[in-house]
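Right, I'll just put the structure down here and ask away after.
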Amino acid sequence: MGRSTSEEPWPVRVVSQKVGAWIARLGWVWVDGQVAQISRRPGASTVFLTLRDPSADLSLTVTTNRDVLDVGAPELREGARVVLHAKPEFYAARGTLSLRADEIRQVGLGELLARLEKLKKLLAAEGLFDRARKRRPPFLPNRVGLITGRASAAERDVLTNARRRWPAVEFRTINVAVQGPSAVPQIVDALKVLDADPTVDVIVIARGGGGIEDLLPFSDEALCRAVFACRTPVVSAIGHETDAPLVDYVADVRASTPTDAAKRVVPDLTEEVRVIRQARHRLERAVRNLVDRESHRLDGLRSRPVLARPQVMVDQRFVDLNGLRQRAGRCLDHRLAAADDDLRHTLARLRALSPAATLDRGYAIVQRADGHVVRAASEVGKGDPLRVRLADGELAATVDG
């Protein structure tokens, strides 16, 4: 089919014909989808269906015979899941793709539950249900984003109960379809809008009860992945407590009902005021007990003699100081007296041993001219000059023999 850019271009009809021929070679295929619209024209044997992919914003037109629909799915309604055997057809004149079905089967409840269980295991294996990634909504959100059906009981329950608990709470509500083929894309778009709003601190997805088929959009894979991708905490409040669509497992918080969601996103003003009052009373009692205890402690300290009569402590210290001074004086006198006695005894011994004392007794000291003390006669010779030291003065002498 391809040509180089240097060749002559193909007319549109040729391209359309070749695309149609290529699609015709696909043959018959089995297709799974959700019925978005059914068109039965009175008296006409052909029925037109709009088949939508629940996980993508994509749809195709399906044509079939009325007998095929009556045999395979006589109670078929919009929003039902079907499996059909069809052949793709490309209309070259309009450039559109459609399907021509020769067999249609409405998916039963058992098969739907089996598919949901398979999808649940897949999402769990990918970590979309992991508790570690779930975030706790803020205690008092600045603004609450609400995704719900227009004028629904779920919307009324959330708004009424939330404002009853906290009258100043603000909501940004986006009304969407909560069942049928358009529910998933509308909810996903609303999620993106609220998640991008910096004033929205928590998002609530709310819907009333219903059958399994009615709650199918909230088990859609695309919606589950959109909730998982949100940066803002998401609260799921779908159906009743027994209902458990897959978005409940992905959301950060699962509320059993829309009323329960209102209780989870905002605190109860009355309860908070009661808690604050109790805390204030406990604080007052604690402060009062502390003051009383410290007052008794101060009274006990003040009653002690050291504080009742502070001069007693000074007087006692003065007496102690005088005693110490007297002891120090006596000790010093004793030491001085002992030292004086020692000194006198030492002086007496020194005087007794002094050469002057010996001279006083009549002795003399004979020295040679060089000052050497003469102790023997052999140490001097005849004619040597001598000096004789007496107790009072000295004499000069000469050795004559």
Closest non-hydrogen atom pair between L51 and G33, with its separation: CD1-C, 3.6 Å
Between CD1 on residue I365 and CZ on residue R375, distance to nearest 0.5 Å: 9.5 Å
Rounded distance [0.5 Å steps], CG in D67 versus OG in S45: 8.0 Å
All pairs passing ring-ring contact (aromatic ring centres under 6.0 Å, His included) where residues 253-304 contributes a residue, at least two apart: none
Throw together a table of side-chain donor-acceptor distances under 3.5 angstrom for residues 260-278, partners on residues two or more places apart or in other chains.
unit_1	atom_1	unit_2	atom_2	d
D260	OD2	S256	N	3.0
D260	OD2	S256	OG	3.4
D260	OD2	R264	NE	2.9
D268	OD1	T270	N	3.2
E271	OE1	R274	NE	3.2
E271	OE1	R274	NH2	3.3
E271	OE2	R274	NH2	2.2
R274	NH1	Q278	OE1	3.4

Salt bridge (Lys or Arg N to Asp or Glu O under 4.0 Å) involving R225 - partner list, sequence neighbours excluded: E126, E221
N/O donor-acceptor pair under 3.5 Å between T148 side chain and A206 backbone: yes
Beyond-backbone contact of L386 with V380, side-chain heavy atoms, under 4.5 angstrom: yes
Rounded distance (nearest 0.5 Å) linking atom CG of N65 with atom OG1 of T46: 6.5 Å
Side chains of T63 and S98 in contact at under 4.5 Å (non-hydrogen atoms): no
Validation row: L246, V250 side chains within 4.5 angstrom (heavy atoms): no
V227 side chain reached by I205 side chain, heavy atoms, under 4.5 Å: yes
Sidechain-backbone polar pair: D252 side chain, K134 backbone, donor-acceptor under 3.5 Å: no
Verdict with supporting geometry, K118 and K121, side chain to side chain contact (heavy atoms under 4.5 Å, CB included): CA-CA 5 Å; K118 183 179 179 180; K121 293 180 179 179; 6.0 Å; no
Within-4.5 Å side-chain heavy-atom neighbours: R172 and T199: no
Mutual orientation of the aromatic rings belonging to H85 and W30 [parallel < 30°, tilted 30-60°, perpendicular > 60°]: tilted
Nearest-0.5 Å distance, CG of residue L290 to OG of residue S295: 11.0 Å
Nearest non-hydrogen partners of R136 and P233, listed with the distance: O-CG, 4.4 Å
Residue pair A101 / I104: nearest heavy atoms and the distance that separates them: CB-CG1, 4.2 Å
Report all side-chain donor-acceptor pairs from residues 391-401 shorter than 3.5 Å, counting only partners two or more places apart or in another chain.
none

Distance in Å, T61 OG1 paired with L49 CG, rounded so as to fall on 0.5 Å steps: 9.0 Å
Pairs satisfying salt bridge (charged side-chain N to carboxylate O under 4.0 Å, His left out), at least one member in residues 141-156, at least two apart: R143-E170
Residue pair R327 / R330, side-chain heavy-atom distance below 4.5 Å: yes
Separation between CG of L69 and CD of E103, rounded to the nearest 0.5 Å: 12.5 Å
Donor on one side chain, acceptor on other, D195 and T232, under 3.5 Å: yes
Polar side-chain atom of S59 near backbone of T50 as donor-acceptor pair, under 3.5 Å: no
R368 atom CZ: more than 12 heavy-atom contacts under 6.0 Å: yes
Pairs meeting criterion side-chain hydrogen bond (donor to acceptor under 3.5 Å, both in side chains) with involvement of residues 157-168, two or more places apart: N161-R164
Residues in salt bridge (Lys or Arg N to Asp or Glu O under 4.0 Å) contact with D248, at least two apart in sequence or another chain: R254
Within-4.5 Å side-chain heavy-atom neighbours: F90 and K18: no
Over all atoms of both residues, closest heavy-atom pair of G208 and L215: O-CD2, 4.1 Å
Side-chain donor/acceptor pairs under 3.5 Å, residues 177-194, sequence neighbours excluded:
unit_1	atom_1	unit_2	atom_2	d
Q179	OE1	R207	NH2	2.4
Q186	OE1	A177	N	2.8

For the student: nearest non-hydrogen atoms of C224 and V247, plus distance: SG-N, 3.9 Å
By salt bridge (Lys or Arg N to Asp or Glu O under 4.0 Å) - contacts of R317 (at least two apart): D320
side-chain hydrogen bond (donor to acceptor under 3.5 Å, both in side chains) contacts in which one or both residues fall within residues 376-386, not counting sequence neighbours: none
Non-hydrogen side-chain atoms of Q37 and F48 separated by less than 4.5 Å: no
Worked verdict on L216 versus D220 for side chain to side chain contact (heavy atoms under 4.5 Å, CB included): CA-CA 7 Å; L216 276 179; D220 187 85; over 6 Å; no
Within residues 315-338 or reaching into it, pairs that qualify as ring-ring contact (aromatic ring centres under 6.0 Å, His included) - sequence neighbours excluded: none
Listed once per pair and sorted, the ring-ring contact (aromatic ring centres under 6.0 Å, His included) pairs that draw on residues 220-253, sequence neighbours left out: F129-Y249
Shortest non-hydrogen contact between I38 and R40, atoms and distance: CG2-NH1, 3.7 Å
